[in-house]
Amino acid sequence: MSSKNLKEVPPNISRLTELSVLLLNNNHICTLPAELLLLSHVRATIPAWWIAKILTELNLGNNTFKEIPAVVGHLEQLRKLYLYSNHISTVSSEVMGSLKNLCILNLNHNDIQKLPSEIKSLTKLQCLSLAHNKLENIPAELGHLNELTEVNFTNNCLTELPQEIYHCKLLTKLYLARNQLDSLPEGIRSLTKLQVLDVAGNMLSMFPVEFHQLHLKELYCERNKFVQCNPMPSVLVQEVLSLKELVARFVLCEDRNKSSFVHRTLPYYPNLITLLTKGSYCALCLQPILTTWLECVHFVNLRKVMKMKKSLTVPVRALLCSYKCFISEGHAYYGVISA
Ligand SMILES: [Zn+2]
């Protein structure tokens with residue numbers, strides 16, 4: 001029933017006893033009446049629960065919906081839901097929380113500003129597409145979606161991404177072009193299956209630590225604010241580390257030794273463990289660091305280092321533990337000065 005100039009769902013839908021895919025895209029429909037389920041019951045051809053049981057794909061793209069119709073939440077076998085190019089501005093937590101079996105959710109070209117945290121219920125979701133909306137942030141609960149392989153947030157108003165997105169370990173394609181991101185969260189290396197990353201048209205100054213260890217096949221990163229390599233002499237000041245940092249480095253270092261007292265005792269101090277998980281390590285000497293480091297950058301050639309086709313050089317963040325490491329010979333880490 002695509003492109004039929006429909007203003008409402010025709011009642012004869014109930015005669016389609018084998019209905020598992022319902023295409024209502026390219027019409028002028030703005031509501032799905034609850035009768036979608038009841039209609040069939042009235043006409044005694046197929047009972048309401050039958051549609052609810054067998055409908056697996058529903059395409060409502062290119063209509064005039066202002067929200068995800070509540071009745072959709074009762075379609076318990078629904079796997080694919082397309083609602084692109086409508087006028088949806090809010091997504092109710094109730095409906096979102098009821099779409100538990102969805103594999104594909106396409107809400108491209110709407111006016112959505114916010115996703116409810118109930119998105120965490122969509123544990124079977126593989127493909128989430130919200131390109132061309134007005135999203136300002138993404139709920140951290142997205143990290144619950146373990147099956148996600150493809151996420152598209154192109155053309156929104158995102159200023160940051162939750163680090164939890166890196167919990168989606170199966171992610172192969174991540175589209176973030178044309179947002180307002182000035183950095184990507186640290187920990188990107190967890191996305192071991194990531195093949196396509198599109199961050200073109202943001203405000204990134206560099207890529208996060210260990211970015212060059214990803215196994216990317218395609219990277220789109222034009223039109224950002226990447227730091228340039230303009231080497232200049234630096235003035236050295238011997239740093240004075242705080243007691244906290246000194247102790248943290250000692251504990252982190254000891255913890256690497258499985259037979260040490262610290263390593264065996266740490267499990268009894270969960271708060272301390274939480275604090276120490278924020279630790280990183282020196283890009284040169286690999287010494288652990290917690291809160292104090294020298295902000296540096298190195299320039300990675302995609303073809304040479306990451307075996308990609310493009311021979312582009314991009315800046316990747318690196319942390320050094322001390323001036324001692326910074327002034328040592330034979331490395332290509334540059335200190336970063338803010339403009
Ligand atoms: Zn070091």
Taking all heavy atoms of Phe65 and all of Cys30, pick out the closest pair and write down the distance.
-> CD2-O, 3.2 Å
Do the non-hydrogen side-chain atoms of Leu55 and Leu22 ever get within less than 4.5 Å of each other?
-> yes
Verify same cluster id: Leu107, Val95 (apolar side-chain graph, 4.5 Å) | yes
Find the distance between CG (Asn62) and OG (Ser85) and round it off to the nearest 0.5 Å.
-> 5.0 Å
Minimum side-chain heavy-atom gap Cys285-Cys321 below 4.5 Å | yes
Does any N or O in the side chain of Ser260 come within less than 3.5 Å of the main-chain N or O of Glu254, such that one atom is a donor and the other an acceptor?
-> yes
Student check: side-chain heavy atoms of Met206 and Val336 closer than 4.5 Å = yes
Crowded around Lys310 NZ? As in, over 12 foreign heavy atoms under 6.0 Å?
-> yes
Determine, step by step, whether His298 and His331 satisfy the ring pair (Phe, Tyr, Trp, His ring centres under 6.0 Å) criterion, reporting the C-alpha distance in whole Å, the side-chain angles of both residues, the deciding distance to 0.1 Å, and the verdict.
-> CA-CA 9 Å; His298 59 133; His331 68 77; over 10 Å; no
Just by modelled atom types, is the Leu319 backbone N or O under 3.5 Å from a matching donor or acceptor in the Glu295 side chain?
-> no
Starting at CG of Leu58, measure out to CG of Leu24 and round the result to the nearest 0.5 Å.
-> 6.5 Å
Backbone N or O of Thr313 within a donor-acceptor pair of the Asn301 side chain at under 3.5 Å?
-> no
Consider only side-chain N and O atoms of Asn86 and Asn63, and report whether a donor and an acceptor are under 3.5 Å apart.
-> no
State plainly whether one hydrophobic cluster holds both Tyr175 and Tyr82, where clusters connect Ile, Leu, Val, Met, Phe, Trp and Tyr through side-chain heavy atoms under 4.5 angstrom apart.
-> no
Within the distance-only criterion (no hydrogens, no angle test), does the side chain of Lys100 pair as donor or acceptor with the backbone N or O of Gly97 below 3.5 angstrom?
-> yes
After noting the C-alpha distance and the side-chain angles of Glu245 and Thr291, does the key distance pass the side chain to side chain donor-acceptor pair (under 3.5 Å) rule?
-> CA-CA 6 Å; Glu245 179 66 16; Thr291 59; 2.9 Å; yes
Give the cluster check for Val196 versus Leu176: same hydrophobic cluster or not, with ILVMFWY residues linked at side-chain heavy-atom distances below 4.5 Å.
-> no
Got more than 12 heavy atoms from elsewhere within 6.0 Å of NZ, Lys225?
-> no
Examine the side chains of Tyr220 and Glu218 and answer whether a donor and an acceptor come within less than 3.5 Å of each other.
-> yes
Under 3.5 Å donor-acceptor, His263 side chain and Asp255 backbone | yes
Over 12 foreign heavy atoms within 6.0 Å of CD, Glu94 | no
Heavy-atom pair with the smallest gap, counting every atom of Val227 and Pro315 | CG2-CB, 3.7 Å
Closest non-hydrogen atom pair, Val300 against Val316 | CG2-CG2, 3.7 Å
Hits for side-chain hydrogen bond (donor to acceptor under 3.5 Å, both in side chains) against Asp198, two or more places apart or cross-chain, chain-then-number order -> none
Can you tell me how far the OH atom of Tyr333 sits from the SG atom of Cys282, to the nearest 0.5 Å?
-> 8.0 Å
Where do Thr159 and Leu181 come nearest, in terms of heavy atoms and distance?
-> C-CD2, 3.6 Å
May I ask you to test the Ile112-Leu135 pair for a side-chain heavy-atom distance under 4.5 Å?
-> yes
Considering residues, nucleotides and ligands other than Glu222, do more than 12 of their heavy atoms fall under 6.0 Å from its CD?
-> yes
Under 4.5 Å between side-chain heavy atoms, hopping through other hydrophobics if needed: is there a path connecting Leu194 to Val305?
-> yes
Quick one: side chain to side chain donor-acceptor pair (under 3.5 Å) pairs with a partner in residues 127-154, sequence neighbours left out?
-> Asn108-Ser129, His132-Asn155, Asn152-Thr154
Could you tell me whether the side chain of Arg264 and the main chain of Val262 form a donor-acceptor pair under 3.5 Å?
-> no
With the side chain counted from C-beta on, respond yes when Tyr269 and Thr274 share a heavy-atom pair under 4.5 Å apart, and no when they do not.
-> no
Separation between CG (Leu125) and CG (Leu145), nearest 0.5 Å, reads 6.0 Å
Output the distance between atom CG (Leu312) and atom CZ (Phe226), rounded to the nearest 0.5 Å.
-> 8.0 Å
Distance in Å, Leu276 CG paired with Leu266 CG, rounded so as to fall on 0.5 Å steps | 6.0 Å
Report whether Trp293 and Leu246 are members of the same hydrophobic cluster (ILVMFWY, side-chain heavy atoms less than 4.5 Å apart, transitive linking).
-> no
Give a yes or no answer on whether the side chain of Arg303 reaches the backbone of Lys309 with a donor-acceptor pair at less than 3.5 Å.
-> yes
Check: Ser89 main-chain N/O paired with Asp111 side-chain donor or acceptor under 3.5 Å | no
Could you tell me which non-hydrogen atom of Leu216 sits nearest to which non-hydrogen atom of Met306, and how far apart they are?
-> CD1-CE, 4.0 Å
Does some side-chain heavy atom of Leu252 sit less than 4.5 Å from a side-chain heavy atom of Tyr281?
-> no
Indicate yes or no for a side-chain donor-acceptor contact from Ser93 to the backbone of Pro116 under 3.5 Å, with no hydrogens or angles considered.
-> no
Determine yes or no for a side-chain-to-main-chain donor-acceptor pair under 3.5 angstrom, with Asn106 supplying the side chain and Asn59 the backbone.
-> no
Is it true that atom CD of Glu160 has more than 12 heavy atoms of other residues, nucleotides or ligands lying nearer than 6.0 Å?
-> no
Could you tell me which non-hydrogen atom of Cys157 sits nearest to which non-hydrogen atom of Asn179, and how far apart they are?
-> N-OD1, 3.3 Å
